[in-house]
Amino acid sequence: MSRQSAIPCILMRGGTSKGPYFVTGDLPPDPAARDRVLLAAMGSPDARQIDGLGGADPLTSKVAMVNRSAREGIDVDYLFAQVSVADAVVDTSPSCGNVLAGVGPFAIERGMVPVTGEETLVTIYNTNTDSRIEAVVRTDGRGVVYDGDTAIDGVPGTAAPVRLNFMDIVGSKTGRLLPTGRLTETIEGVEVTLIDVAVPMMIFRAQDLGKTGHESPAELDADRDFFALMEAMRRIAGERMGLGDVAGRVIPKVAMLAAPRGQGHVAARYFVPHKTHGAFAVTGALCVSSCAMLAGSVSDGLARRPEGDDRLILIEHPAGLIDVALKTRGGGANMEIVSGGVIRTARKLMQGEVFVPGHLLDGGGA
């Protein structure tokens, strides 16, 4: 008789995303076996994810895996997985900055990092992108403080802030700010900037594909011809960026830019990549804000560029605004990206065990 196996996890909201957070050691060490377990835990492949924890949306079909780090000066290692809703695919090539917002609180909850006062600094190594992040988490004598007055667009209500300071963000997958060495180039007759800051991206002007850049996600998702062209362009971009055949993978990500209509410095829509993000990804915001400040990129004539080397960039997105504290050196086309920071929030939703078919942990197949 088949049996169920229990795996401890905490279901958390991190930024504008949600998913289960696991201690890495509670999952199979073999990546293929681990992925089968994650698919079962999330209920994939199934459009409703009715037999798992997934929320039938890319933003709620995400997983964090966290463990104590053996690296000098690092508290925990973090591996992110994007679990496909409709396909039996687990992609660990990208990172997720929103899910990252919950890693610090999770590490404290699981006793990996001790509380140090009203704020606890958690140093994180993102194994997806080989980068370091500092998370500043609100705490007290009992542990993580989740209640607070910080609001982020795309999430109802308020919560305690989680400050994320991203280091080593340039060349996350390609090793270069501009993987092809060009500020702009043409793909399928459309001018694009191929850039790698926190995540590799292909960025283009909305007007060049017949859009305003202020459409709702539903309006964009309904235009399948638009997505078909964008996917064809994305695959070419992946080859040019040295990422190989990116069919079936979620990087490079894609964004389109437009002039802001409100208080933002640039308006953008972010694609994940076969669906429009309902708000904006943190890693995507770091990349888009860098592109917006880079003279000679496709942002010329669209983005407002504040002066100085320490700038707060506001990106208008479907749910409101996301702000990026961008530190740079120099200017113009030779601008150097030093670091980026964002304020997110996180909340523990549920703690317990997720059950998966026992044979998946016993080494059996799907």
message = Working to the nearest 0.5 angstrom, can you tell me the gap between D153 CG and I315 CD1?
response = 12.0 Å

K211 side chain to R205 backbone, donor-acceptor under 3.5 Å = no

query = When you check the side-chain N and O atoms of T60 and K18, is any donor under 3.5 Å from an acceptor?
reply = no

query = Taking all non-hydrogen atoms of both residues, which atom of V99 and which atom of S17 are closest, and how far apart?
reply = CG2-CB, 4.0 Å

ask   = Where is the tightest heavy-atom contact between R304 and G262, given as atom of each residue plus distance?
value = NH1-O, 3.1 Å

inquiry  = Under a 3.5 Å cutoff, is there a donor and acceptor pairing between the side chains of Q49 and S61?
reply    = yes

query = Any chain of hydrophobic side-chain contacts (each under 4.5 Å) joining V85 to V83?
reply = no

task = Would you check if the side chain of S297 reaches a backbone N or O of C291 as a donor-acceptor pair within less than 3.5 Å?
result = yes

message = More than 12 heavy atoms of other residues, nucleotides or ligands under 6.0 Å from CZ of R224: yes or no?
response = yes

Expected output: side-chain R234 to main-chain K253 donor-acceptor under 3.5 Å = no

query = Are I74 and V103 connected in a single hydrophobic cluster, I mean Ile/Leu/Val/Met/Phe/Trp/Tyr linked by side-chain heavy atoms less than 4.5 Å apart?
reply = no

ask   = Taking the side chain as C-beta and beyond, is there a heavy-atom pair between V342 and D323 under 4.5 Å?
value = no

inquiry  = For F271 and F227, take the angle between the two ring planes, folded into 0 to 90°, and tell me which bin it lands in: parallel under 30, tilted 30 to 60, perpendicular over 60.
reply    = perpendicular

inquiry  = Could you walk me through whether E185 and T180 satisfy the side chain to side chain donor-acceptor pair (under 3.5 Å) test, starting with their C-alpha distance in whole Å, then the side-chain angles of each, then the deciding distance to 0.1 Å, before giving a yes or no?
reply    = CA-CA 9 Å; E185 53 201 278; T180 66; 2.5 Å; yes

task = Using a 4.5 Å cut-off on heavy atoms from C-beta on, say whether the side chain of T92 contacts that of N128.
result = yes

note = Of all heavy-atom pairs linking P58 and V272, the shortest is CB-CG2, 4.3 Å

request  = Working to the nearest 0.5 Å, report the span between CZ of R329 and CG of D310.
outcome  = 12.0 Å

ask   = Given side chains that start at C-beta, do those of T174 and L243 come closer than 4.5 Å, heavy atoms only?
value = yes

message = Treating E239 as the side-chain partner and I236 as the backbone partner, does any N or O pair qualify as donor plus acceptor under 3.5 Å?
response = no

task = Determine yes or no for a side-chain-to-main-chain donor-acceptor pair under 3.5 angstrom, with N67 supplying the side chain and T24 the backbone.
result = no

key: Residues R344, T16; criterion side-chain contact (heavy atoms from CB on, under 4.5 Å); working and verdict   = CA-CA 9 Å; R344 298 278 85 187; T16 56; 4.0 Å; yes

ask   = Within a reach of under 6.0 Å around CG of D30, are more than 12 heavy atoms found that belong to other residues, nucleotides or ligands?
value = yes

ask   = How far does CG of L164 sit from CD1 of I124, to the nearest 0.5 angstrom?
value = 7.0 Å

ask   = Would you say the side chain of I7 lies within less than 4.5 Å of the side chain of L27, judging by non-hydrogen atoms?
value = yes

task = Is it possible for you to check whether K348 lies under 6.0 Å from the centre of the six-membered ring of Y146, through NZ or CZ, and within 45° of that ring's axis?
result = no

key: Distance-only side-chain donor-acceptor flag, T158 / D149, under 3.5 Å   = no

remark   = In this structure, CG of L178 is separated from CG of L294 (nearest 0.5 Å) by 6.0 Å

Residue pair S339, K327: steps toward the side chain to side chain donor-acceptor pair (under 3.5 Å) verdict = CA-CA 5 Å; S339 66; K327 291 186 178 181; 5.0 Å; no

query = Hey, is the main chain of G73 close enough, under 3.5 Å, to the side chain of T123 for a donor-acceptor pair?
reply = yes

request  = State, without any angle test, whether T186 and E191 hold a side-chain donor-acceptor pair at a distance under 3.5 Å.
outcome  = no

message = Let me confirm one number: the CG-CD distance from L209 to E188, rounded to the nearest 0.5 Å.
response = 10.5 Å

Pairwise side-chain contact, T193 with L183, heavy-atom cut-off 4.5 Å (strictly under) = no

query = Does the T116 side chain pair with the main chain of E119, one donor and one acceptor, at a distance under 3.5 Å?
reply = yes

query = Is there a side-chain contact between V282 and C96 (heavy atoms, below 4.5 Å)?
reply = no

query = Do L361 and M65 share a hydrophobic cluster (ILVMFWY, side-chain heavy atoms under 4.5 Å, transitive)?
reply = yes

inquiry  = Could you report the tightest heavy-atom contact between A101 and A346, atom names first, then the distance?
reply    = O-CB, 3.7 Å

key: Enclosure of D51 CG (heavy-atom neighbours >12, cutoff 6.0 Å)   = no

request  = Ignoring hydrogens and angles, state whether a donor on the side chain of T139 or E118 is under 3.5 Å from an acceptor on the partner side chain.
outcome  = no

key: Note, D91 side chain near P94 side chain (heavy atom, < 4.5 Å)   = yes

inquiry  = Any side-chain to backbone donor/acceptor pair from T127 onto Y78? Under 3.5 Å, distance only.
reply    = yes

key: D245 bridged to R235 by N-O distance under 4.0 Å   = no

note = All heavy atoms of L53 vs all of V354, minimum pair found to be CD1-CG2, 3.7 Å

message = Taking the side chain as everything from C-beta on, heavy atoms only, tell me whether I337 gets closer than 4.5 Å to M335.
response = yes

request  = Flag yes if V199 and V324 sit in one hydrophobic cluster, no otherwise; membership is Ile, Leu, Val, Met, Phe, Trp, Tyr, and two members link when side-chain heavy atoms are under 4.5 Å apart.
outcome  = yes

task = Before giving the answer on side chain to side chain donor-acceptor pair (under 3.5 Å), spell out for R138 and T120 the whole-Å C-alpha distance, their side-chain angles and the decisive distance to 0.1 Å.
result = CA-CA 6 Å; R138 188 75 57 83; T120 297; over 6 Å; no

note = Closest non-hydrogen contact found for A267 with A259 is CB-O, 3.8 Å

task = Show your working on side-chain contact (heavy atoms from CB on, under 4.5 Å) between M233 and V254 and close with a plain yes or no.
result = CA-CA 10 Å; M233 294 170 57; V254 182; over 6 Å; no

query = Are I10 and V356 linked, directly or through other ILVMFWY residues, by side chains that come within less than 4.5 angstrom of each other?
reply = no

inquiry  = Is a donor from one side chain sitting under 3.5 angstrom from an acceptor on the other, for S5 and R3?
reply    = yes

inquiry  = Quick one, L257 with I203, criterion side-chain contact (heavy atoms from CB on, under 4.5 Å). Give me CA distance, side-chain angles, the key distance, then yes/no.
reply    = CA-CA 7 Å; L257 307 183; I203 302 176; 3.6 Å; yes

Under 3.5 Å donor-acceptor, D225 side chain and A228 backbone = no

query = Is the cationic atom of R71 (NZ for Lys, CZ for Arg) positioned less than 6.0 Å from the six-membered ring centroid of Y125 and within 45 degrees of its normal?
reply = yes

request  = Consider only side-chain N and O atoms of R305 and S299, and report whether a donor and an acceptor are under 3.5 Å apart.
outcome  = yes

inquiry  = Determine whether T184 and V192 satisfy the following criterion, side-chain contact (heavy atoms from CB on, under 4.5 Å), listing intermediate values before the conclusion.
reply    = CA-CA 5 Å; T184 62; V192 303; over 6 Å; no

inquiry  = Rounded at 0.5 Å granularity, tell me how far CG in L321 sits from CZ in F280.
reply    = 11.5 Å

ask   = Any sub-3.5 Å donor-acceptor pair from H265's side-chain atoms to M293's backbone N or O?
value = no

